[in-house]
J.: 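Structure in structure tokens, see below.
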Amino acid sequence: MRGWIFDTYPDYQKDHMVSWIKTEDGVDKLVDRKFFPTFYVHGSRKNLKSLADVVSTHKLRDLSFERKKIKLGYDGKFEVLAVTPYRYKDVKLLAKMIDAQGGYRDFELYDIDIRLAQRYLVERGIFPMAYVDVGNEFILLDEQMAMEYPLPELKHTEIGVKVGSANKIKKFNDPVQAIKVGERVFKDADEIDLLRGMVEEIRLTDPDLVYMKNGDSFLLPYLYNRAKANGILDEIQLGRERQSSRPERSGRSYFRYGRVEYKPPLYTLRGRLHIDTGNSFLHMESGLKGLIELARLSCIPVQTLAKLSPGTAISAMQVNQAMKDGHPVMWKKNLPEDFKTAKELMVTDRGGFIYEPVVGIHDRVLELDYTSLYPSIMVRFNISPETLKCRCCPDSKIKVPEIGYNICEKQVGLIAKVLKPVIQRRMVYKKRGKEGDLEYKERSDILKWLLVCSFGYTGYKNARYGRIECHESITAYGREIMLRSAEIAERHGYRVLHGIVDSLWLEGNGSPKAVAEHLRNDVGIPIEIEGVYKWIVFLPCKSMDVGAMNRYYGLFENGEMKIRGIETRRSDTPEIVKKAQYEMLDILSRAENSHEFKETIPEALGALKVWAERVVYGDVDLEDLIFTSRVSKPLEEYAHFSNQVAALTQLEEHMVDVNPGEIVRYLLVNSESMKASGRLKIADLVEDGDEYDKKKYVEHLFKAGESLFQPFGYDLERIEEEYGV
DNA sequence: ATCACCCGGGG
DNA sequence: GTGTACGGGTGAT
């Protein structure tokens, strides 16, 4: 049988691996009962010996002493205890027990926390969506690094549900009103019939992919709950075989980069791929073809990958490379869950190149970006945790600028091995994508995110293959390159207006192409002309009179605008403020230069005044006035009576639980009220004709005007005076 | 003035 | 078993 490895996952009840093979005429389920993961423990000989005695009292498949290359970048072997647990779920349990036994100090554990499917695929030498011949074993008819690969035709459908709730607060207990499966709509019937109709439609149309918006966060748990309430839970089968209605992993709130996030329970389907189109970052960013490309590279099956972040994927690729090189993977407890872009990370850590912006408007500004500066540095200078300050090349000719660390000359580091092909693939895909092929654009887009996040995963001390010295070295090279670039630009007649990490804004009459070409040749890292602005405004901090690093807006020669840091870009800005600010920007976009820009300001503020009038006279869609905000903790932990507290209080009265990290939506009724019900109204309860805090909304509108025009003498006070209603 | 708390990526 | 950026904003105390 020939086909594509469509999905792979462990069955923790039966302790075998399941693969679904998509063939020309259907889908086949394949069970592999011969896969049993082994993990390794390293410690002193004495400790290992006594550990072996303890561990051998447990039911195991195998226990032995072996020699393994546990040090990355070193081929010498060390004695380890190899443990093959009896059951899949015992890997973590035994590891925890052993770790505790050694006082969290005596033992180093390896190959504990690798996704089983990923490990299985790597050990079998296959990968997701690989074309294979399946007999007694997998015979690969495909290459993991191939840039052209055949893919099966995949049938897809989308499920959507209309909830019959009394008000707009959707609850798990509200009955189903209608269900849409692809083009079929089930409605005007008993709830049981609606649910059965959906199941039957899925069975008949037999899709490979099931898209659901908020499938994890609402739809699937809701449908299971309704089926249960109607006593037909066992009939709800949306996959290609029966499965539990319980999620793969339960929901949880967790702390990530200074804020609380909520990850809902995750639901997978057996034999089909469920993709939550509302919650899959990778799918939203790139689409199915991007997901498939990354699944192939990372050995994370598509359905799983759809729920993960780019950082997790890059980390998986590093793990795979280590496994292929014969290195067991050190157990890394409590990895950061998600990614942060190089810009975010670097600006804050003060490691990246920064040239404080010259506040105000500037004409004819050239923006140059190194698209993959940090990944390129890692590859070019071979920066990796094991190559940096390596013992084998103390006199290496490669020395990190400013810091002077030596870098290995003898072997290519893990990070470079992983990133080099990613950079190369991205370049090729990007080119083809620009020629109009959407599939290549999707692939290029997903690899872009991989590259953007790769630095965070190498520089961060908590990352699996992270090392603080890597972080320092990459930024040191980055600064050197950017300073040199600025110098070269100046020789071309430009003046640096602003610079940050990998971008430069230049004012002057040089030739953009000539300077970019010069930089490309001199630095040897791809640089791109982001564009030439007819004009660009760098904004100051509202409180102090210094340039803010990431607040600006400008108009490119092609008519597009680039906007950063102001209200339109924030998720907690009500729609009406965004609309008003967009309208002002739209009016400004007719200005060809700074002179015309300044003449246009009154017209833009006039438009703002119209929005303020609408607010005052009640000529607004209440939906446009809704604030959206994420809550960071449970109600009782808040110290101040903020809008979030008022919203949470009101929701609690309506018996709605909000997990830390989830959002609340509300209409501001009276910002001065110290009572929850007086302060605001939950968005789902808002009705036509509801009153709202006109004064406050007008103030928000005018603040959005201030954001744009503060450098031109229009502060809040003046706008209120001249354009107040 | 100081403290508390939220956002940052894209569409 | 444990820590968690930082600059920029708004709003509460």
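In what follows, every heavy atom counts, from backbone to side chain, and hydrogens, waters and symmetry copies are set aside. In what follows, chains carry the letters A, B, and so on, assigned in the order in which the sequence lines appear, proteins first and then strands, with residues in each chain numbered from 1. Predicted, not measured: the structure shown is a model, and the values here were computed from it.
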J.: In chain order, what residues pass the side chain to side chain contact (heavy atoms under 4.5 Å, CB included) check against A:Leu635, with sequence neighbours excluded?
T.: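 Once residues adjacent in sequence are excluded, the partners of A:Leu635 under the side chain to side chain contact (heavy atoms under 4.5 Å, CB included) criterion are A:Val645, A:Leu648, A:Thr649, A:Glu652.
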J.: Grab the CG-C1' distance between A:Asn670 and C:dG11 for me, whole Å please.
T.: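 Roughly 14 Å, once rounded to whole Å.
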J.: Return no unless some side-chain N or O of A:Lys703 is found under 4.0 Å from OP1 or OP2 of C:dG11.
T.: yes
J.: OP1, OP2 of B:dC5 versus side-chain N and O of A:Ser632: anything below 4.0 Å?
T.: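 Checking A:Ser632 against B:dC5: no side-chain N or O falls below 4.0 Å of OP1 or OP2.
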J.: OP1 or OP2 of C:dG7 sitting under 4.0 Å from any side-chain N/O of A:Arg551?
T.: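 It does not, given that no N or O in the side chain of A:Arg551 lies less than 4.0 Å from OP1 or OP2 of C:dG7.
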J.: Over how many whole Å does the gap from A:Gln710 atom CD to C:dT10 atom C1' extend?
T.: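 The answer, rounded to whole Å, is 14 Å.
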J.: Please measure how far the C1' atom in C:dG7 lies from the corresponding atom in B:dG11, and state the result in whole Å.
T.: 26 Å
J.: Can you confirm whether more than 12 heavy atoms, excluding those of A:Glu637, are under 6.0 Å from its CD atom?
T.: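 Atom CD in A:Glu637 is packed in, count exceeds 12.
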J.: Between B:dC7 and C:dG3, how far is it from one P atom to the other, in whole Å?
T.: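 One P to the other, the span is 25 Å.
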J.: When you measure from the side-chain N and O atoms of A:Tyr638 to the phosphate of B:dC6, is any distance below 4.0 Å, counting only OP1 and OP2?
T.: yes
J.: Would you kindly give the CZ-to-P distance between A:Arg569 and C:dG7, to the nearest whole Å?
T.: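 Between P of C:dG7 and CZ of A:Arg569: 21 Å.
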J.: What's the CG-C1' distance between A:Leu668 and C:dG11, to the nearest Å?
T.: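 Rounded to whole Å, this separation is 11 Å.
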J.: Between C:dG9 atom P and A:Glu699 atom CD, what is the distance in whole Å?
T.: 15 Å
J.: With ring centroids as reference points, do A:Phe538 and A:His498 lie under 6.0 angstrom apart?
T.: yes
J.: Could you work out, with side chain to side chain contact (heavy atoms under 4.5 Å, CB included) as the rule, every residue matching A:Pro540, not counting sequence neighbours?
T.: A:Val359, A:Asp545, A:Gln710, A:Pro711
J.: Measure the distance from CZ on A:Arg679 to P on C:dG11 and round it to the nearest whole Å.
T.: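 The answer, rounded to whole Å, is 10 Å.
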J.: Taking OP1 and OP2 of B:dG8, is either one under 4.0 Å from a side-chain nitrogen or oxygen of A:Ser571?
T.: yes
J.: Please work out which residues in residues 639-652 of chain A have a non-hydrogen atom less than 4.0 Å from an atom of DNA chain B and list them by number.
T.: A:Ala639, A:His640, A:Gln644
J.: Taking only side-chain N and O atoms of A:Lys696, does any of them lie within less than 4.0 angstrom of OP1 or OP2 on C:dT10?
T.: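 Result: no.
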J.: Mind checking side chain to side chain contact (heavy atoms under 4.5 Å, CB included) for A:Ala612 and listing every partner two or more places apart, or none if nothing turns up?
T.: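 A:Val698, A:Leu701, A:Phe702, A:Val725.
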J.: Would you mind reading off the distance between A:Tyr552 atom OH and C:dG7 atom P, rounded to a whole angstrom?
T.: 18 Å
J.: Between B:dG9 atom C1' and A:Arg630 atom CZ, what is the distance in whole Å?
T.: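 One finds 12 Å between C1' of B:dG9 and CZ of A:Arg630, rounded.
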J.: Reckon A:Lys542 has a side-chain N or O less than 4.0 Å from the OP1 or OP2 of C:dG8?
T.: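 It does not, given that no N or O in the side chain of A:Lys542 lies less than 4.0 Å from OP1 or OP2 of C:dG8.
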J.: Going by salt bridge (charged side-chain N to carboxylate O under 4.0 Å, His left out), name the residues that satisfy it together with A:Lys430, two or more places apart in sequence or in a different chain.
T.: A:Glu528
J.: Identify, with sequence neighbours excluded, every residue that meets side-chain hydrogen bond (donor to acceptor under 3.5 Å, both in side chains) alongside A:Ser642.
T.: A:Gln644
J.: Can you tell me if A:Glu108 and A:Tyr110 form a side-chain donor-acceptor pair at under 3.5 Å?
T.: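 A pair is found: one side chain offers a donor N or O, the other an acceptor, under 3.5 Å apart.
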J.: Taking the P atom in each of B:dG8 and C:dG1, what is the distance between them to the nearest angstrom?
T.: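 Result for the P pair: 36 Å, nearest Å.
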